[in-house]
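To find a chain, count down the sequence lines: A is the first, B the second, and so on, and within it residues start at 1. Excluded from the calculations below are hydrogen atoms, water molecules and symmetry mates; all remaining heavy atoms, backbone and side chain alike, are included.
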Amino acid sequence: MVKDPICGMEINPEEAFASREHMGQTFYFCSENCVTTFDNNPHQFAHQQEKTVGSASTGYNPNSQLLQIELPVLNLSKEGQSGRTIIQSALKKAAGIEKVIANPVEGMVVIDYDPKIIQVLDIVHLIKNTGYQVGGAQKRIGIENIRCSSCVGFIENELMSTPGVLHASVNLATQEATIDYLPEQTNQAQINKAIENWGYKTHAATTEEPVDKQQLAHEKEYKRLMRRFWFAAFISIPVLITAYPKFLPIIRDWSAETLRLAWLGTAVLTLPVLIWSGSDFFTGAWSAIKHRAANMNTLITLGTGAAWLYSTFAILFPQVFPEGTSEPFFDVVAVVIALVVLGQALELRAKGRTSEAIKKLMGLQAKTARVIRNDVEIDIPVEEVLVGDIVQVRPGEKVPVDGVILEGSSAVDESMLTGESLPVSKKVGDDVIGATLNKTGAFKFRTTKVGKDTALAQIVKMVQDAQNSKAPIARLADTISGFFVPVVMILAILTFVIWFDFGPQPQLVYALVTAVSVLIIACPCALGLATPMSLMVGIGKGAENGILIRSGEALQTAQAIKTVVLDKTGTITKGKPELTDIVVAKQQKDMTEDELLKLAASVETISEHPLAEAIVVGAKEKGLTLLKPEAFEAIPGHGVVATIDNRNIALGNLKMMNRQNIALGDLQTQSETLASNGKTPMFIAVDGNAAGIIAVADTVKEDSKEAISALHKMGIEVVMITGDNRRTAEAIARQVGVDRVLAEVLPEDKAHNIHLLQAEGKKVAMVGDGINDAPALAQADVGLAIGTGTDVAIEASDITLIKGSLKGVVTAIEVSRATMRNIRQNLLGAFIYNSLGVPIAMGLLFPFFGLLLSPMLAGAAMAFSSVTVVTNANRLRGFRPKLSAK
Amino acid sequence: MNTIQIAVTIGGLVLSLFIVWFFWLAPKGQTRASTDHGGIQEVAITVKGGYTPDIIVVKAGYPLRMRFTRQESSTCSEMVLFPELNQSAKLPEGQEVSIEFTPEKPGEYGFQCQMGMLRGKLIVE
């Protein structure tokens, strides 16, 4: 076998497409393509071939063929880390590695290695040892009927020895293999084959998507719990019948002996309920005890265990107990376990719905991508797309990952990520975002971000992280639940002792029943669930409305906001000037507005001033054809002059008009009116006569006013902060109705101004664009960054509004208030439940009303208290923002 | 009060004191994360009714890799959270999941399941 020097393919010299002699060497080629490439510059490849021949002094086998591999390394480009040198020096030390080039920009390490001495896996291992992770694709593959754990090892080894596989692990519980591999080295078909070699059938993993996976696991767990519930419920029937012989016709007539035998029967019947239906409690309690910890499982175990042991003992040795106390409580055992297991199952059902928002987000992701590799279009799973791939997107298809357009143009609907309702036109060089929808044209793009780095993946990750963060309000509940279970255990002992010492006859029975009730009614879960469940739904709800809340803390602070500071440019306004007014001078009888604009815009086509651009864009929007200016001259600080159609045009400010000695007449007062409205007027003179005014201004976003008045209705003071002059600032302020204007604030003083507002004792939120306003965003109690879909990772902000509208601020505060209200309800409910339930179970009402809680009722209460918490959290799913941001 | 009652009372008191000692006062075993030659601290944690080991001592300033394997289907433990460190991970049953970060500040950081039923502690020295 010989190696094609171009593509590296191993070929049989006799079957080679062509061969060439060069510098005394013979080269063989697999295809016409390769041979043409070689012919273009044979020396280059011949030289490469030479290099592979190692020198005798280094001990390499002169016949060894070096292979080259490109490994994507994650976070290689992270600032302040010398990953490049670390990896290079670590790899160069290893035997068999000839050359290492680390490219932090592309996040790639190119390695020439000798496959006889070192394997890819070893190289990957070496890189991992430096603390870096080798990127690649990950795939889950379902394996049918894998039962033996020894086969797991075989399959794992087989997979690991497949070239290109970095890591493989087989999960017996889910019947799946998870494989990390380099898509340029192997593909799914080869991996499947490796598994099938061992006689197993493979299928697409049922659990490809993380959320679906969780849902599936939940479904499985639900069924498992329900089976346990039905068993316990079924056993409960005979147990209940025999537990209350006095109330049932036939059983009433049984003799004491028959009854005792029947009770023995129920003792045996309830044993599998304990051991099977309630096994989770027992194993959970045991693991907890081993860690010197106690939780709900401990309480249920103690309660039901004590009831069963006492009951069995009482019927086996009735003589030990005083008269009337030898009655069993097997009913407590069976019914409590049935109820608590049912409660867990229902809770699981309700929990599943709390992550709906994330599921919706992840559903946006395209499943496949049409990638062009070696001039061939192939459809591959989106996970296998690499950075630098060329991807073809046709009309109506989703853009699979993030990238830059190389060829073609189109309109892309980005509404799912940016909230921009109109499709955005895209041409060569523009960025495209994964998960957006291509509308009209076809284009090819080069991928820049794949997998975990895409904008969508980042949004999902951010939301998930936030959902799992803690709100400060949960800290109290957390502290309490740390002490809760041991305290309840002590209370149960106390209850037993008090009833045993001072209770009515039969004291032992009362003492036991009340102690068991205390153990069973206490519900640490309700406390523990109160905050996370609501946060999950609330933050998810925010994400659905284009509001990315970074943490539970941000969410909690946002509800208390009393002052909202809005940056003017880019937040209240669109952030770039637009043409607003055209005034034609009275003396210009036959000049129309369009003509005036046409002249002005034609002059400005050459100018590079941002105001000029606004005029040109304004003219183009009106469909005017612009002319080519001649003798163009810019006079700094004044304006521009040029000749168009042999007419001398002067365009500029008042100084410009004075310089040219042009009488302005009433145009001057008109320009002052425009200026006081925050606009920038520019005079135009044609052939020495004043012709009119064209005004441009940074215009207010359509929905800013509505959003600000909604904030007012919520009792929030709205402050505008800007570096602009007071007159312009106040003009905008009047338009949108803000309460206070902080004008002429230097960018570096913005944070200080926020601090001054905070000194007034108010919680202050700052809304800005996240880049220029970073210090102010960080200074504010809550920083809200107005971003677009791609820059979700705005570091300084607590909340990112991916839809550019100010309505997002309103919705963010609404979501925060609704979620916090829900959390408070949950916490209050859980506190009240426990602080009422436990004393009642202790028998506090007994001396006054003769009321005593049955342990079974306690079990029901306990089971449904946590279901109630989750259900209440689910109510938040009905949250609708009052103002819907477009 | 008869003798049995006195015995029960004393027994109850002793048991209560034992509970206080057992859960709060008794020193707990600590596990130190192993360090490989690359300087990465690593610790494998089994999740089953609790975290084993549950008290983990690591050095500040070195990268830490915590490999969690959940060996139960109870949904309580399906996530592990480090609230103060802003780290969290889903733990699919039976699958090893690594959480990697570099603990910078010495101190004690709790980790727990979503509703705080299972708890562990990371001690950064």
*Using a heavy-atom cutoff of under 4.5 Å, enumerate the residues of residues 52-60 of chain B that contact chain A, numbered in order, or state 'none'.*
B:T52, B:D54
*Should the heavy atoms of other residues, nucleotides or ligands under 6.0 Å from CD1 of B:I4 be counted, would the total exceed 12?*
no
*asked:* For chain B, which candidate among A:D501, A:I289, A:I493 shows the most heavy-atom pairs at distances under 4.5 Å?
replied: A:D501
*asked:* Please classify the contact of A:A294 with chain B as side chain, backbone, both or neither, using a heavy-atom distance under 4.5 Å.
replied: both
_Does any backbone or side-chain atom of A:L529 lie under 4.5 Å from a heavy atom of chain B? Answer side chain, backbone, both or neither._
both
*Could you grab the distance from atom CG of A:D280 to atom CD of B:E72, nearest 0.5 Å is fine?*
8.0 Å
_Non-hydrogen atoms of A:S287 and B:G50 that approach each other most closely_ = CB-N, 4.3 Å
*asked:* For a quick test of reading the model, state the closest non-hydrogen atom pair linking B:F23 to A:M489 and the distance between them.
replied: CE1-CE, 3.7 Å
*Might you confirm whether atom CD of A:E553 has over 12 heavy atoms from other residues, nucleotides or ligands at distances under 6.0 Å?*
no
*Between A:E347 and chain B, which part of the residue has a heavy atom less than 4.5 Å away: side chain, backbone, both or neither?*
side chain
*Heavy-atom distance under 4.5 Å to chain A: side chain of B:Q112, backbone, both or neither?*
side chain
*Closest approach of A:V497 and B:G12, non-hydrogen atoms and distance?*
CG2-CA, 4.0 Å
*Counting only heavy atoms closer than 4.5 Å, note whether B:L15 contacts chain A via side chain, backbone, both or neither.*
both
*Flag yes if more than 12 heavy atoms outside B:W21 fall under 6.0 Å of its CH2 atom; otherwise flag no.*
yes
_Under 4.5 Å from any heavy atom of chain B, what part of A:F484 do you find: side chain, backbone, both or neither?_
neither
_Pairs satisfying ring-ring contact (aromatic ring centres under 6.0 Å, His included), at least one member in residues 72-106 of chain B, at least two apart_ = B:F82-B:F101, B:F82-B:F111
_Under 4.5 Å from any heavy atom of chain B, what part of A:F496 do you find: side chain, backbone, both or neither?_
side chain
*asked:* Quick one, A:R224 and B:S73 - any side-chain contact, counting heavy atoms below 4.5 Å?
replied: yes
*Side chains of B:E93 and A:E221: does their closest heavy-atom pair fall under 4.5 Å?*
no
_Residue-level contacts of residues 118-125 of chain B with chain A, using a heavy-atom cutoff under 4.5 Å_ = B:L118, B:R119
*Which of B:Q71, B:E78, B:M79, B:K48 touches chain A most, by non-hydrogen pairs under 4.5 Å*: B:E78
*So is A:R292 actually on top of B:W24's ring, under 6.0 Å and inside 45° of the axis?*
no
*Pick one of side chain, backbone, both or neither for A:P524, based on which atoms fall under 4.5 Å of a heavy atom in chain B.*
neither
*Hey, could you give me each pair passing side-chain hydrogen bond (donor to acceptor under 3.5 Å, both in side chains) that has a residue in residues 60-69 of chain B? Not counting sequence neighbours.*
B:E42-B:R65, B:R65-B:E100, B:R67-B:E96
